[in-house]
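Here the structure comes first, spelled out in structure tokens, and everything after it is commentary.
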Protein chains: 2
Amino acid sequence: MSVTIKDIAKKTGFSVATVSRVLSNKTGFFSQTTAQAIHQAAADLGYKKNMAATELVMQTSNVIAVIINSTKTNFSDQIIMGIQKKAGETGKRVIILYAGDHDQTAQQIALTTALERPLLGILLVSVDLYPDNLQLLKSAKVPFFFISISFEDTKLNYIASDDYQIGYQATKFLIKHGHRKIGLAGLDISPSAHTGNLRFHGYRKALAESGINFQTNWLQTGDYSYEAGVAAMNAYQKGKVSAIVAASDLVGIGILNQAAKIGLHIPADLSVVSIDGTNLCQLVRPALTSITQDFYQMGYLGTTYLISGSNKNAYTEIQICQRASVKKN
Amino acid sequence: MSVTIKDIAKKTGFSVATVSRVLSNKTGFFSQTTAQAIHQAAADLGYKKNMAATELVMQTSNVIAVIINSTKTNFSDQIIMGIQKKAGETGKRVIILYAGDHDQTAQQIALTTALERPLLGILLVSVDLYPDNLQLLKSAKVPFFFISISFEDTKLNYIASDDYQIGYQATKFLIKHGHRKIGLAGLDISPSAHTGNLRFHGYRKALAESGINFQTNWLQTGDYSYEAGVAAMNAYQKGKVSAIVAASDLVGIGILNQAAKIGLHIPADLSVVSIDGTNLCQLVRPALTSITQDFYQMGYLGTTYLISGSNKNAYTEIQICQRASVKKN
DNA sequence: CTGAAAGCGCTTACAG
DNA sequence: CTGAAAGCGCTTACAG
């Protein structure tokens with residue numbers, strides 16, 4: 001058996017009540033001398049608090065559960081950094097649960113694992129909950145916040161980038177660089193895909209503002225993956241577009257590599273701007289110009305809001321990082 | 001208040017004991033009819049088990065805590081996949097805790113967060129524990145296993161690649177391709193760095209076997225990062241080596257990009273083989289030839305061993321994946 | 001097959 | 001400043 005406050009009580013001669021009070025630092029309820037004796041004994045005995053007991057009586061905890069999808073996106077690390085930072089500053093703890101990749105069962109397991117214990121709250125990082133699971137989450141009384149994903153339903157709290165602006169600004173940027181035939185590649189615009197549709201609308205708007213007529217084959221949908229980028233590049237015949245907005249860094253890299261394979265030079269023959277701006281952009285050559293999202297801040301702010309119990313939605317900033325993959329036409 | 005087994009007992013007319021038995025599926029202790037009524041009531045009431053209570057009485061749980069360092073390495077995802085797979089197959093749950101990047105306090109917080117609750121066991125993914133923290137871990141009665149990191153101390157259980165072999169085979173491979181001046185870049189060989197030293201020894205051994213005299217400046221140490229690769233490439237003057245073993249994929253990419261910058265063509269002027277073999281190798285051009293580690297299997301096996309309480313160490317397989325960054329000399 | 005009761009390790013009014 | 005006692009929601013011998 002491990003050592004409990006009862007053992008400390010026995011050793012010091014105080015009651016468990018007093019031991020509990022000093023160990024959980026209920027200041028003002030004990031004297032310095034008492035505290036010292038108890039802390040000493042705790043250290044000597046190698047005491048470790050049993051949080052299961054604490055949570056049981058407190059009906060809450062200082063643990064934030066982060067549920068995250070395990071896609072090959074690589075920006076979740078930055079979001080988690082932001083979360084950890086804020087949590088660390090405020091003495092909260094964080095546990096992370098993988099919800100699989102568009103896997104309803106995995107999602108449900110993650111959610112259940114989280115909900116089965118007292119929790120400060122839940123942060124959902126780019127996981128698009130299935131209706132049943134959303135229901136499950138709502139029915140629990142636990143506060144939650146979505147990060148890096150937005151909804152039409154404004155009753156759902158989220159922190160994300162403004163995807164309409166992302167599509168708009170990426171396109172505008174290419175237009176300013178003299179492009180008129182601009183592709184949009186690798187994103188999902190099925191009816192339920194809010195992010196993809198917003199980006200698409202932003203793209204259309206930018207085109208329209210400059211009097212450019214959208215051509216159907218400029219849009220190459222996909223699932224934000226490297227392979228989607230390769231497929232999109234194949235779909236664009238040589239010369240059909242002079243620039244492409246890639247739905248993610250991976251899509252951008254897929255385009256880059258496939259372009260090289262079919263003998264197209266970037267940015268000489270084709271310009272590319274990718275969305276996300278993770279460190280992958282600087283690993284490849286030419287380095288990818290990107291619409292960079294502030295993932296760290298998303299995590300930090302999401303945690304801040306969750307902790308403070310605020311229920312407003314917010315957008316974090318986006319920024320154009322010019323690197324080497326776009327040329328002036 | 002949320003609904004408890006007491007509520008279900010009241011609603012069905014059974015005792016909490018019976019409710020507990022059917023809900024935790026103590027087969028043989030109840031009739032089908034009873035079970036149905038209770039499950040029905042549980043569903044109607046929206047019952048969710050309070051694991052804090054269960055863990056308190058059981059003094060254990062089916063939760064595996066994974067402690068992982070937050071370096072910019074990108075292979076932990078695969079390890080986690082392997083862990084989740086095995087955990088899923090056996091009905092275990094997994095929570096992940098970030099231990100920072102060589103951050104003693106962050107490590108300690110992660111460890112404490114884990115140890116504060118009943119646990120099936122702990123998996124440490126490429127985290128090199130500070131002595132104090134290792135002590136803390138050992139003093140808890142919880143089983144633990146290291147993944148992707150090995151020790152001289154064989155009392156510590158781990159699953160990793162054979163780093164001596166990694167260094168040996170990478171070097172051997174380059175020798176077979178006709179190289180005699182072979183660099184080793186980006187790894188840490190300070191006395192306490194077990195991995196780096198093993199790889200270095202394997203490298204030396206391969207050199208020696210082919211009667212090649214090691215030159216001090218062939219070794220460029222570092223911290224496995226992209227920047228270490230860049231620095232190493234700068235250190236190798238043009239023509240000093242004809243091939244390089246990169247300590248990680250990121251080091252390899254740093255070499256690739258810096259080589260391009262100073263006008264060296266890979267593999268024409270310089271061959272590179274990187275260690276790890278993550279998907280980054282296929283994202284860059286030329287694609288990196290790599291000594292590929294089986295990270296997924298490490299996670300899977302580590303979890304298997306942890307669950308079964310076995311305490312043997314094991315190596316997972318390594319494999320040479322030929323891509324485009326090595327040429328026959 | 002089922003129930004009454006004790007207990008897991010902690011916290012917190014309540015009374016001093 | 002300190003202690004006795006009740007209670008958090010579960011599980012499990014023990015007795016039927």
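Numbered from 1 within each chain, the chains take letters A, B, ... in sequence-line order.
- Protein atom OH of Tyr47(B) is 7 Å distant from nucleotide atom C1' of dG9(D), rounded to whole Å.
- When distances are taken from the side chain of Thr34(B) to each of dC10(D), dT2(C), dG9(C), the shortest belongs to dT2(C).
- dT2(C) is paired with dA15(D) under the criterion used here, namely a Watson-Crick or G-U wobble arrangement in which both key atom distances are under 3.5 Å.
- The minimum heavy-atom distance linking Ala53(A) with Leu56(B) is given by the pair CB-CD1, 3.7 Å.
- Side chain of Gln107(B) to main chain of Asp128(B): a donor-acceptor pair is present (N/O by atom type, distance under 3.5 Å, no hydrogens or angles).
- Aromatic ring orientation, Phe146(A) versus Phe151(A): perpendicular (interplanar angle above 60°, classes split at 30° and 60°).
- Side-chain proximity of Phe30(B) to the nucleotides dT2(D), dT11(D), dT2(C) is greatest for dT2(C).
- Note on Thr4(B): every side-chain N or O is 4.0 Å or more away from OP1 and OP2 of dC8(D).
- At dC10(C), none of the side-chain N or O atoms of Lys26(A) fall inside 4.0 Å of OP1 or OP2 (strictly under the cut-off).
- Checked by atom type and distance alone, the side chain of Tyr98(A) never pairs as donor or acceptor with a backbone atom of Ala110(A) at under 3.5 Å.
- For Met58(B) and dA6(C), the CE to C1' distance is 17 Å, given to the nearest whole Å.
- Contact annotation: Ser15(A) side-chain N/O to dG3(D) OP1/OP2 distance is under 4.0 Å.
- Distance CG (Asn62(A)) to C1' (dC10(C)): 15 Å, rounded to an integer number of Å.
- Of the candidate nucleotides dG3(C), dC10(C), dG3(D), dG3(C) has the atom nearest to the side chain of Arg21(B).
- Side chain to side chain, Thr316(B) and Gln297(B) fail the donor-acceptor criterion of an N or O pair below 3.5 Å.
- Shown are Arg93(B), Lys49(B), Lys48(B); of these, the side chain to side chain donor-acceptor pair (under 3.5 Å) with Glu116(A) is made only by Arg93(B).
- A distance of about 16 Å separates the C1' atoms of dT12(C) and dG16(C), rounded to the whole Å.
- Near DNA chain C, meaning a heavy atom under 4.0 Å from it, residues 108-121 of chain A has no residue at all.
- Here the side chain of Ser20(B) pairs no donor or acceptor atom with the backbone of Val16(B) at under 3.5 angstrom.
- Judged purely by atom type and a 3.5 angstrom limit, Lys6(A) has no side-chain atom pairing as donor or acceptor with the backbone of Thr4(A).
- If you take CG of Leu23(B) and P of dT2(C), they are 14 Å apart, rounded to a whole angstrom.
- At whole-Å resolution of the value, CG in Asn50(B) and P in dT11(D) are 10 Å apart.
- Considering only the side chain of Thr18(B), dT2(C) comes nearest among dT2(C), dG3(D), dC10(C).
- Residue order along DNA chain C, read from the 5' end via each residue's closest nucleotide, puts Ala35(B) first among Ala35(B) and Ile5(A).
- An OP1 or OP2 oxygen of dC1(C) is reached within less than 4.0 angstrom by no side-chain nitrogen or oxygen of Gln32(B).
- Between the CE atom of Met51(B) and the P atom of dG9(C) there is a distance of 17 Å, given to the nearest Å.
- Between the CG atom of Asn25(A) and the P atom of dT12(C) there is a distance of 12 Å, rounded to whole Å.
- Residue Ser20(A) has a polar side-chain atom (N or O) positioned under 4.0 Å from OP1 or OP2 of dT11(C).
- Proximity note for Val57(B) (side chain, C-beta onward) versus dT11(D), dT2(D), dT11(C): the nearest is dT11(D).
- Comparing dC1(D), dG9(D), dA5(C) against the side chain of Leu56(A) picks out dG9(D) as the nearest.
- Comparing atom distances between the Lys49(A) side chain and each of dT11(D), dT11(C), dT2(D) picks out dT11(C) as nearest.
- Between Phe29(B) atom CZ and dG16(D) atom C1' there is a gap of 14 Å when expressed in whole angstrom units.
- Distances shown here put every side-chain N or O of Gln59(B) at or beyond 4.0 Å from the OP1 or OP2 atom of dT11(D).
- Between Ile68(B) and the options Ile80(B), Leu97(B), Leu123(B), a side-chain contact (heavy atoms from CB on, under 4.5 Å) holds for only Ile80(B).
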